[in-house]
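Step one of this worksheet: look at the structure below.
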Amino acid sequence: KAFLKADKVLASMQKEKPNLVIMDLYVNRIDGAKLTKKIKQNELISKIPVILVSAKTNLSKIAKKCKADGFLAKPFNVRDLKNIVKKLA
């Protein structure tokens, strides 16, 4: 079921072409790292910046592995979010 939801997210992104995605590692039974990796492998949407967010301690390694454009550890400061969005958008 999570696979179907991930496919719906990818299809929606291809249609809507968002300027940026903020992806949590765990979103309603979807693995955010796997979904980010699928986004980055899809040439239609691979250029869309993805910011990975999580409270996991090894977030930088996870973000690098799935090719996220940036990451923020929870809890994060809104100023830090603004700065990374400004840098990537």
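Quick note: residue numbers are just sequence positions, from 1.
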### Query
Do S12 side-chain atoms and K8 backbone N/O form a donor-acceptor pair below 3.5 Å?
no
### Message
Can you tell me if K17 has over 12 outside heavy atoms packed within less than 6.0 Å of its NZ?
### Response
yes
### Task
Check step by step if side-chain contact (heavy atoms from CB on, under 4.5 Å) holds for I39 and M23.
CA-CA 11 Å; I39 291 167; M23 178 79 67; 3.9 Å; yes
### Task
Hey, could you give me the CD1/CG distance between I22 and L88, rounded to the nearest 0.5 Å?
10.0 Å
### Message
Can you tell me how far apart NZ (K34) and CG (L25) are? Round to the nearest 0.5 Å.
### Response
12.0 Å
### Query
Just how far is it from atom CD1 of I48 to atom OG1 of T36, taken to the nearest 0.5 Å?
11.5 Å
### Task
Nearest 0.5 Å please: distance from the OG atom of S46 over to the NZ atom of K38.
15.5 Å
### Closest non-hydrogen atom pair, L35 against A6
CD1-O, 3.9 Å
### Query
Same cluster for V21 and L72 if Ile/Leu/Val/Met/Phe/Trp/Tyr side chains link at under 4.5 Å?
no
#### Entry: Residues forming a side chain to side chain contact (heavy atoms under 4.5 Å, CB included) with Q14, sequence neighbours excluded
N42, L44, I45
Result block: side-chain N/O donor-acceptor pairs under 3.5 angstrom for residues 51-70, not counting sequence neighbours:
residue : atom : partner : partner atom : Å
S54     : OG   : K56     : N            : 3.0
D69     : OD2  : K40     : NZ           : 2.6
D69     : OD2  : V50     : N            : 2.8

Which atom pairs, donor and acceptor, lie under 3.5 Å between side-chain atoms of residues 73-85 and protein residues at least two apart or in another chain?
residue : atom : partner : partner atom : Å
K74     : NZ   : D24     : OD2          : 2.4
N77     : OD1  : R79     : N            : 2.6
N83     : ND2  : R79     : O            : 3.3

